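Remember, it's a predicted structure, so these values are computed and weren't measured experimentally.
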Amino acid sequence: MISPFKGDFKVSSPRGYRIFNGVKEYHPGLDLVAIGSNTTVYAIADGTIDATPYEANGFGYYVRQILPDGRRIYYGHMKSNIYVKAGQKIKSGDALGIMGSTGKSTGAHTHIEFRVPGTTKESLDICEFTGIPNQIGIYNADTGK
């Protein structure tokens, strides 16, 4: 299992349809919450930081990473003190920032999403890429259980 957190974390909202603020919507990623004091968000793959913008009604402060094949990973709702900069090459396990609750968020978590190359919002299955189960529950990044 590949996780943006070390140790225990919770899947608080799986990928797929859900009710959010009374509206049925498609959730294209996973919402993960670090359990314990280490709320650092780590890269789940090697690649290049493409951007670290702010989106008030979306991801809030986030990191967009481009993989060598062009696929994109988004790490959303982070605190404002992002550790990486656009153009920076990173390795899996590098620290990106701290879990937060910025943008369209109801509590501290990291939204992690996997998208096709380009600029579309078409998502890929992040669970297939990471091995994180697509169901609410507590998991451990170190043991994979």
Side-chain angles (χ1 to χ4, degrees), residues 1-139 141:
M1 174 185 310
I2 306 166
S3 169
F5 297 116
K6 295 186 181 197
D8 290 336
F9 67 94
K10 178 180 182 178
V11 173
S12 62
S13 186
R15 182 174 192 258
Y17 285 97
R18 68 180 183 179
I19 303 297
F20 186 79
N21 290 332
V23 178
K24 185 177 181 179
E25 68 176 13
Y26 186 75
H27 185 235
L30 287 174
D31 287 349
L32 308 176
V33 178
I35 298 173
S37 60
N38 187 1
T39 57
T40 301
V41 178
Y42 298 93
I44 61 168
D46 296 350
T48 303
I49 300 303
D50 180 50
T52 60
Y54 178 76
E55 192 177 77
N57 197 27
F59 288 147
Y61 288 102
Y62 70 96
V63 170
R64 184 172 61 223
Q65 176 186 3
I66 306 294
L67 302 183
D69 64 5
R71 293 177 297 171
R72 299 166 290 152
I73 300 172
Y74 289 72
Y75 307 83
H77 309 295
M78 296 170 66
K79 288 189 175 182
S80 62
N81 54 334
I82 304 290
Y83 299 161
V84 292
K85 305 237 181 281
Q88 183 177 337
K89 302 272 188 215
I90 59 167
K91 296 283 188 192
S92 180
D94 285 353
L96 303 176
I98 302 294
M99 177 180 79
S101 183
T102 60
K104 186 180 175 186
S105 172
T106 59
H109 72 287
T110 294
H111 172 89
I112 186 165
E113 188 175 327
F114 198 35
R115 293 186 185 172
V116 299
T119 59
T120 73
K121 290 189 174 185
E122 180 184 346
S123 69
L124 299 165
D125 189 348
I126 189 69
C127 300
E128 197 173 280
F129 184 79
T130 62
I132 297 171
N134 192 36
Q135 58 187 5
I136 292 173
I138 295 175
Y139 304 95

Which heavy atom of [X] sits nearest a heavy atom of [Y], and at what distance?
X	Y	value
Pro14	His27	O-ND1, 2.9 Å
Val33	Met99	CA-SD, 3.9 Å
Ser123	Tyr26	OG-CE2, 4.3 Å
His109	His77	NE2-CD2, 3.1 Å
Pro133	Cys127	C-SG, 4.3 Å
Thr120	Val116	OG1-CG2, 3.4 Å

Heavy-atom side-chain contact between [X] and [Y] under 4.5 Å:
X	Y	answer
Val41	Ile98	no
Asp125	Arg15	yes
Ile126	Ile44	yes
Leu124	Phe129	no
Ile49	Tyr83	no
Ile136	Lys10	yes
Thr110	Phe5	yes
Thr48	Ile90	no

Within 6.0 angstrom of Glu128 CD, more than 12 heavy atoms from elsewhere: no

Could you state the interatomic distance from [atom1] ([X]) to [atom2] ([Y]), rounded to the nearest 0.5 Å?
X	Y	atom1	atom2	answer
Tyr74	Asp50	OH	CG	7.5 Å
Thr52	Arg64	OG1	CZ	9.5 Å
Thr102	Tyr54	OG1	OH	6.0 Å
Ser3	Tyr139	OG	OH	12.0 Å
Ile19	Lys24	CD1	NZ	6.5 Å
Leu67	Ile73	CG	CD1	4.5 Å

Sequence-distant partners of Asp94, side chain to side chain donor-acceptor pair (under 3.5 Å), two or more places apart: none

Side chain to side chain donor-acceptor pair (under 3.5 Å) against Ser101, all qualifying residues, sequence neighbours excluded: Ser105

Lys/Arg-Asp/Glu bridge criterion (N-O < 4.0 Å) met for Arg115, Glu122: no

Backbone N/O of Ala45 and side chain of Gln65: donor-acceptor pair under 3.5 Å: yes

Side-chain donor or acceptor of His111 paired with backbone N/O of Asp31 under 3.5 Å: no

Tyr62/Tyr75 aromatic ring centres below 6.0 Å: no

